[in-house]
Amino acid sequence: PSAEYLQARTRVDWPAGHIPGSGRTGGRPCPLRGRLHLTASKLTFVLSTGRCGTQWIASSIDRFYAGLVDVEHEPLHSRYEPRRMLGIGDCRGDTLPAPVQRHIDELVNRDRRYLECGHPCWSSIPVLHQRLKDRMRVIHLVRHPVPTALSWLTHSAYQPPLAPHLDEKILLSPFDVGVRLPEYRDSWHELSPFEKCVYYWCEVTALALEVRQEFGKRWLTLRYEDLFGGDGVESLLGFLELPANDAMTATRSLTSDAFCYVTRPGHDWHAIVRCPHAREIAAQFSYDIGDVDNDAMHRRYVLGLVDRGQ
């Protein structure tokens, strides 16, 4: 680590009386607990499409605030069954996948603050809210649709599998129950893998726009671009009621993607202009779908040269 980074680690706005360096306690009760007037039972979920920095959030909060918040990244993985959960309208136990039901039961009985990162829970947010009610808060982490779609292509989304025994990775389909944009059905088989990834981005983001009204102040909209290049860390920590931490901000330039791959040849990201809902939805987050750094996209997703984040 650079000298600047090491110096930054000491610049943390801890409450008066705290002994610097005592935040991580190796599993022992953190000396800050009780001094920050935190509600131990708040349950916070990151709603996202994936490929937008949830790994970094989870690892950073766990590293710099151990003892204050229990953090998990994708605790159920595919067992959340996001395509199935999108079509479930209530939280009756007989309708939920068994792993989801067990997870919710554990959350109801949890008496410590909890932060769950990772995309698979996105379609479960309405059901989780029915059960967890006012204890639940949401961070909607959103990223420009072009790099999001390209990043999913590096994971072979909507493309023929690389091995015959593998299934195609279909994140979502307009034929699934509960989708917001069923009009894509007519042209689905004509869309490129990139366009299908953009469709997925539109669906996830449309759900977020729909349900956020139910949360009021228990909802934070956070752009990936601000998290890794603006005041997003401050907004994140403020929402989580955690003290500012220069050391955490300093780590933004460090790569935190455990699955950093490249796309297959031939994807045209300019095709986003043919996705009818992308422009309207993106504009609600001050994104211009045509404002894309072509050199940066080529460097990261074709050549595999990583600058930061995912």
Side-chain angles (χ1 to χ4, degrees), residues 1-14 20-21 23-24 32 44-74 115-119 137-152 154-155 201 205 220-262 282 285-287 291-293 295-301 303-310:
S2 66
E4 180 181 359
Y5 170 78
L6 293 173
Q7 291 174 2
R9 293 190 61 184
T10 65
R11 297 196 298 271
V12 181
D13 296 334
W14 299 107
R24 294 187 60 85
L32 288 178
T44 304
F45 295 79
V46 177
L47 189 166
S48 79
T49 60
R51 314 309 304 151
C52 53
T54 58
Q55 294 175 38
W56 181 83
I57 292 177
S59 62
S60 297
I61 296 297
D62 185 55
R63 175 183 177 184
F64 293 105
Y65 298 96
L68 289 177
V69 185
D70 294 335
V71 184
E72 292 196 58
H73 184 265
E74 300 186 10
L115 172 64
E116 181 170 316
C117 305
H119 74 277
R137 303 193 298 174
V138 173
I139 298 168
H140 177 208
L141 182 61
V142 61
R143 186 183 187 183
H144 192 289
V146 169
T148 302
L150 288 173
S151 190
W152 269 116
T154 68
H155 288 245
W201 182 92
T205 311
L220 172 68
T221 298
L222 180 61
R223 301 196 331 161
Y224 166 96
E225 293 78 8
D226 297 327
L227 181 64
F228 288 99
D231 60 358
V233 174
E234 179 180 348
S235 298
L236 172 68
L237 295 178
F239 185 75
L240 294 174
E241 300 176 18
L242 295 171
N245 190 325
D246 288 344
M248 178 171 166
T249 302
T251 67
R252 293 190 298 183
S253 62
L254 304 178
T255 301
S256 185
D257 186 0
F259 309 100
C260 183
Y261 309 125
V262 297
F285 302 93
S286 300
Y287 289 133
D291 184 16
V292 177
D293 186 335
D295 291 339
M297 295 300 100
H298 182 79
R299 186 171 62 251
R300 166 59 188 91
Y301 297 108
L303 302 180
L305 303 177
V306 181
D307 293 327
R308 66 167 178 250
Q310 294 182 332

- Task: Among Leu68, Leu115, Leu236, find the residue that satisfies the side-chain contact (heavy atoms from CB on, under 4.5 Å) test when tested with Leu242.
- Result: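 Going through the options one by one, the only one that passes is Leu68.
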- Item | Gap between atom OG1 of Thr44 and atom CG of Leu220 - 0.5 Å precision |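 Taking CG in Leu220 and OG1 in Thr44, the distance rounds to 10.0 Å.
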- Message: Within this structure, what is the CG-OG1 distance for the pair Leu141 and Thr221, rounded to the nearest 0.5 Å?
- Response: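 The OG1 atom of Thr221 is 10.0 Å from CG of Leu141, to the nearest 0.5 Å.
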- Task: Compute the ring centroids of Phe285 and His140, then answer whether they are less than 6.0 Å apart.
- Result: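 Yes; His140 has its ring centre under 6.0 Å from that of Phe285.
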- Message: Aromatic contact between His73 and Trp56, with the criterion being ring centroids under 6.0 Å apart: yes or no?
- Response: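 No, ring centres 6.0 Å or more apart.
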Do the side chain of [X] and the main chain of [Y] share a donor and acceptor less than 3.5 angstrom apart?
X	Y	result
Arg143	Ser48	no
Tyr224	Arg51	no
Trp201	His144	no
Ser151	Thr148	no

- Where is the tightest heavy-atom contact between Leu222 and Ser235, given as atom of each residue plus distance?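 In terms of heavy atoms, the two residues are closest at CD1-CB, 4.5 Å.
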- Task: Locate the shortest heavy-atom distance separating Phe64 from Thr251; write the atom from each residue and the value.
- Result: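 For Phe64 versus Thr251, the nearest heavy atoms are CZ-CG2, 4.0 Å.
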- Task: Walk me through it: do Ser286 and Arg223 pass the test side chain to side chain contact (heavy atoms under 4.5 Å, CB included)?
- Result: CA-CA 10 Å; Ser286 300; Arg223 301 196 331 161; 4.0 Å; yes
- Item | Residue pair Met248, Ile61: steps toward the side chain to side chain contact (heavy atoms under 4.5 Å, CB included) verdict | CA-CA 8 Å; Met248 178 171 166; Ile61 296 297; 3.8 Å; yes
Heavy-atom check, side chain of [X] versus side chain of [Y], under 4.5 Å:
X	Y	answer
Phe228	Val233	no
Arg137	Phe45	no
Val71	Glu116	no

- Task: Could you tell me whether Glu234 atom CD has more than 12 heavy atoms of other residues or ligands within 6.0 Å of it?
- Result: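 Result for CD/Glu234: open.
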- Message: If you apply the rule side chain to side chain contact (heavy atoms under 4.5 Å, CB included), what do you find for Tyr287 with Val142, and how did you get there?
- Response: CA-CA 10 Å; Tyr287 289 133; Val142 61; 4.1 Å; yes
- Ile57/Ile139 under side chain to side chain contact (heavy atoms under 4.5 Å, CB included): CA gap, chis, key distance, verdict: CA-CA 11 Å; Ile57 292 177; Ile139 298 168; 5.7 Å; no
